[in-house]
Amino acid sequence: MAMSIEIDPDYYDLGCDNYADTDFASETTSLASCVYRGVFENGRRYQTVREGASWCPSDEQQFESLEAAHLLCILLDANTENPLFHAPVKNPKQILDIGTGRGNWAIDVADMFPEATVRGVDLFPPPGDWLPPNCIMEVDDVLQHWTWRQPFDLIHMRQLIGAFTPEEWDALFSQCYNMSPDSSMVQFTEAVFRAGMEWNHPLDTLDTMRTAMEKAGFVDIHEKVYRWPVGPWAKDPTLKEAGRLHYHQWTAGMEGWGMYLLTKFGVPTPWTKEEVHVLLARVRKELQDPHIHMWQYARRVWGRKPTEEELKVKSEDVTGSGM
């Protein structure tokens, strides 16, 4: 499923959401509604996430300049196969645009690779309401510890002259180079899946149930794939409410999902109860971080029994092919 979930920018302003006050309040939360107002100096608006760290304004006049620069870069590379980037990347799935500004590059790349998820990140939210379904805009400080779970196939930066100190540039490029998909959530789900395999009760039903239904003889099989957000971070009202419910499903259910499997069938050896609780505490902390936008695949599969006529035709086809 290629569709991405658009993030609600107001989610970063925890006061805008009446979700349980302590559920998502985190010491890591540094964004508030003032981020979207900015701070004005000499008649120009500047970002406030890292106050004093950006010499370039974040207002409509500056966004016009950034759009012109984007068109300029495309024009000068118009005779190339790909005027958006020259990195030898084919069919990328995860793309990050650091300092996305107005978001022009991220939007164009999202259109070019509809199967990819493109994240545009900046210290000030870009203007405009419409985005391709696979393009996500986030307000974040890339100098902080990166909490994205997936490694990126392509990381893009442009027009960031003067954005960082020499030491900050070194740290940023190190983050780009060393980024790992590891997270407590990943560790938990992988450990539980391994334990399920050890017990011979695999937990991959999501991926195998269609094949199992076909094997049983069902026909006219259909499926629908969903992305369930964990937490109320989605912009779509239905997905936001689904995220609230799914968050409660996780926080109330994950100990039950993991305790039995990990203490009896943990790989390479069974876990202690205390080890399970330690990992679950880390998972809860990730779930409470508004900068981590977790979601989970879900799949609905349905079919029907073949009619007598269909069974007869199938039987005749099998008999005929064996003659």
Side-chain angles (χ1 to χ4, degrees), residues 1-7 66-122 126 128 130-138 140 142-143 145-161 163-164 169-183 185-187 189-190 193 204 206-208 210-211 223-229 291-299:
M1 180 179 177
M3 298 289 286
S4 297
I5 302 174
E6 186 176 2
I7 296 170
L66 293 174
E67 184 169 16
H70 176 66
L71 296 174
L72 172 63
C73 292
I74 291 179
L75 176 65
L76 294 179
D77 273 333
N79 62 337
T80 64
E81 181 180 355
N82 179 3
L84 292 172
F85 64 86
H86 296 315
V89 178
K90 303 294 184 182
N91 300 318
K93 298 302 181 184
Q94 296 290 334
I95 301 173
L96 178 65
D97 183 26
I98 296 177
T100 193
R102 190 180 180 89
N104 300 87
W105 186 90
I107 291 171
D108 285 355
V109 171
D111 286 335
M112 177 179 288
F113 299 103
E115 298 298 318
T117 296
V118 183
R119 297 179 183 273
V121 179
D122 212 321
W130 183 89
L131 291 172
N134 60 321
C135 185
I136 300 170
M137 294 296 174
E138 298 181 0
D140 213 341
V142 294
L143 294 182
H145 178 69
W146 288 11
T147 55
W148 296 294
R149 291 190 298 142
Q150 299 91 347
F152 292 104
D153 303 304
L154 175 64
I155 300 176
H156 173 262
M157 290 179 274
R158 188 175 66 187
Q159 290 193 298
L160 292 181
I161 295 174
F164 309 109
W169 274 114
D170 290 343
L172 177 59
F173 280 115
S174 293
Q175 289 244 58
C176 294
Y177 184 84
N178 295 322
M179 189 201 170
S180 169
D182 291 342
S183 75
M185 175 70 84
V186 173
Q187 294 170 14
T189 54
E190 289 182 349
F193 267 69
D204 59 351
L206 182 72
D207 300 316
T208 62
R210 176 167 187 154
T211 301
E223 65 178 56
K224 183 177 181 180
V225 178
Y226 304 81
R227 282 189 176 184
W228 289 352
H291 297 91
I292 302 179
H293 307 125
M294 294 184 183
W295 52 265
Q296 185 177 17
Y297 271 123
R299 177 178 279 117

*Looking only at non-hydrogen atoms, find the nearest pair between Leu206 and Ala298 and report the distance.*
CD1-C, 3.6 Å

*Please report the closest heavy-atom contact between Leu160 and Ile98, naming both atoms and the distance.*
CD1-O, 3.8 Å

_I need the single residue from Asp108, Ile74, Leu76 that forms a side chain to side chain contact (heavy atoms under 4.5 Å, CB included) with Pro83. Which is it?_
Ile74

*Using modelled atom types only, decide if a donor and an acceptor are shared between the side chain of Asn134 and the backbone of Phe113 within a distance under 3.5 Å.*
yes

*Keeping the roles fixed (side chain from Asn82, backbone from Leu84), state whether a donor-acceptor pair exists under 3.5 Å.*
yes

*Using the ring of each side chain (for Trp, its six-membered ring), is Trp146 parallel, tilted or perpendicular to Phe152, with breaks at 30° and 60°?*
perpendicular

_Min side-chain heavy-atom separation Ile107-Arg102 under 4.5 Å_ = no

_Parallel, tilted or perpendicular, as decided by the 30° and 60° cut-offs, for the rings of Trp228 and Tyr226_ = tilted

*Does the side chain of Arg158 come within less than 4.5 Å of His70's, by heavy atoms?*
yes

*Distance-only, no hydrogens or angles: does the Thr100 side chain make a donor-acceptor pair with backbone N or O of Asp97 under 3.5 Å?*
no

*Nearest heavy-atom neighbours spanning Cys135 and Ala110*: CB-CB, 3.8 Å

*asked:* On a heavy-atom basis, which atom in Val142 and which in Gln175 lie closest, and how many Å separate them?
replied: O-NE2, 3.7 Å

*Shortest non-hydrogen separation from Cys176 to Met157 and the atoms involved*: SG-CE, 4.3 Å

